[in-house]
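Scroll down for the structure; my scribbles are underneath it.
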Amino acid sequence: MTDAAALPGQPRGGVLTGPATPRAVNVLAPNASAMTLDGTNTWILAEPDSDLAVVLDPGPLDETHLRNVMDTAEKAGRRIALTLLTHGHPDHAEGAARFAELTGTHVRALDPALRLGDEGLATGDVVEVGGLELRVVPTPGHTSDSLCFHLPADRAVLTGDTILGRGTTVVAHPDGRLGDYLDSLRRLRSLTVDDGVHTVLPGHGPVLEDAQGAVEFYLAHRAHRLAQVETAVEEGYSTPSQVVAHVYADVDRSLWPAAELSVRAQMDYLEEHGLI
């Protein structure tokens, strides 16, 4: 058995659903898979003494899950006042319109197509509900519309799919771009160094107790994969599928289609920088 403290980011053990910090409660969606890990983490966020809550990433269009999120907030004596999205992938956002209908809330997102109401989200925005403060952090790369949310009071950051609680994420080419993703990881590293963030509340997988360690691991992993892809191309593996079969030979084949997206993004990056 591997000690969790020895793993990148120091993942927290135990049950995923429930309180994670004084202001964050997770309700795990029932959509576990190789890509979504244990399922989508739907976060209920509120000040401890407030009767208002924010929900981040309602998850898939699953009526039971959406009502479970509502019931969890209500049992804590809170009314859901706003819905936020980290990005538009269906496992995070498909249920947002129905959830907004059930709760009577607006949906705020970077992508205008995902919004319900007049307000979106942009760099530098601060979301305030019932005394809760969330700072919007632009983190494109996994997708072009990816956002993270800094929760200063808990020294935490909600990362969607930019950083996962276990394993690594996909740069979803062509919408996702590796250069953007690397810049986003550096932006998150700045939060850990300059703003004291130590906890990652991810979109999938367990809470991470060592935010800086997680970011450093992700940056090192990306550098390692990029070098592998560059070497593979130099050795004559010229198509993304050939590179995947060579570089990701030790990875479950069910994940190869997702790996190919990242490889395409890496090959684009290498071409843009004149390295292949």
Inset, instruction - Establish, for the pair Arg225 and Tyr248, whether the NZ or CZ atom is under 6.0 angstrom from the six-membered ring centre and no further than 45 degrees off its axis. - result: yes
Legend entry - Side-chain donor or acceptor of Asn41 paired with backbone N/O of Val27 under 3.5 Å: no
Inset, instruction - Rounded to the nearest 0.5 Å, what's the gap from CG on Leu132 to CG on Leu151? Could you check? - result: 6.0 Å
Legend entry - Under-4.0 Å salt bridge between Arg155 and Asp195: no
Inset, instruction - Please test Val200 against Val207 for side-chain contact (heavy atoms from CB on, under 4.5 Å), starting from the C-alpha separation and ending with a verdict. - result: CA-CA 6 Å; Val200 173; Val207 171; over 6 Å; no
Inset, instruction - Show your reasoning for whether salt bridge (Lys or Arg N to Asp or Glu O under 4.0 Å) applies to Glu133 and Arg23. - result: CA-CA 10 Å; Glu133 178 184 296; Arg23 292 164 181 81; over 6 Å; no
Inset, instruction - Measure from the side-chain N and O atoms of His204 to the backbone N and O of Thr36, and report whether any donor-acceptor pair falls under 3.5 Å. - result: yes
Legend entry - Steps toward side-chain contact (heavy atoms from CB on, under 4.5 Å) verdict (His87, Leu147): CA-CA 7 Å; His87 65 297; Leu147 298 172; over 6 Å; no
Legend entry - Gly59 backbone acceptor or donor facing Asp57 side chain under 3.5 Å: no
Legend entry - Neighbour count above 12 (heavy atom, 6.0 Å) for Arg98 CZ: yes
Legend entry - From NE2 (His142) to OG1 (Thr159), nearest 0.5 Å: 10.5 Å
Inset, instruction - State whether Asp38 and Arg166 are salt-bridged, where the test is any N-O pair (Lys NZ or Arg NE/NH1/NH2 against Asp/Glu carboxylate O) under 4.0 Å. - result: yes
Legend entry - From CA spacing to verdict: salt bridge (Lys or Arg N to Asp or Glu O under 4.0 Å), Arg108, Asp125: CA-CA 11 Å; Arg108 295 181 64 182; Asp125 280 355; 3.7 Å; yes
Legend entry - Main-chain N/O of Pro138 paired to Arg187 side chain as donor or acceptor, under 3.5 Å: yes
Inset, instruction - Just do the side-chain contact (heavy atoms from CB on, under 4.5 Å) check on Thr231 and Gln228 with the steps written out, would you? - result: CA-CA 5 Å; Thr231 299; Gln228 287 182 309; 5.8 Å; no
Inset, instruction - Under the salt bridge (Lys or Arg N to Asp or Glu O under 4.0 Å) rule, what do Arg78 and Glu74 come out as? Steps first, then yes or no, please. - result: CA-CA 5 Å; Arg78 297 191 170 107; Glu74 289 173 4; over 6 Å; no
Inset, instruction - Check the pair Asn68, Thr72 against side-chain contact (heavy atoms from CB on, under 4.5 Å), reporting the backbone distance first and the verdict last. - result: CA-CA 6 Å; Asn68 187 25; Thr72 301; 3.7 Å; yes
Inset, instruction - Determine whether the side chains of His173 and Ser262 contain a donor N or O and an acceptor N or O closer than 3.5 Å. - result: no
Legend entry - His92 and Asp161 side chains, donor-acceptor separation under 3.5 Å: yes
Legend entry - His198 side chain to Asp210 side chain, donor-acceptor N/O pair below 3.5 angstrom: no
Inset, instruction - Start with the C-alpha distance between Glu63 and Arg67, add both sets of side-chain angles, then the distance that settles salt bridge (Lys or Arg N to Asp or Glu O under 4.0 Å), and finish with yes or no. - result: CA-CA 6 Å; Glu63 191 82 7; Arg67 292 187 180 276; 3.1 Å; yes
Legend entry - Lys/Arg-Asp/Glu bridge criterion (N-O < 4.0 Å) met for Glu119, Arg115: no
Inset, instruction - Using modelled atom types only, decide if a donor and an acceptor are shared between the side chain of Asp252 and the backbone of Ser254 within a distance under 3.5 Å. - result: yes
Legend entry - Test item: side-chain donor near acceptor, Thr83 and Thr105, under 3.5 Å: yes
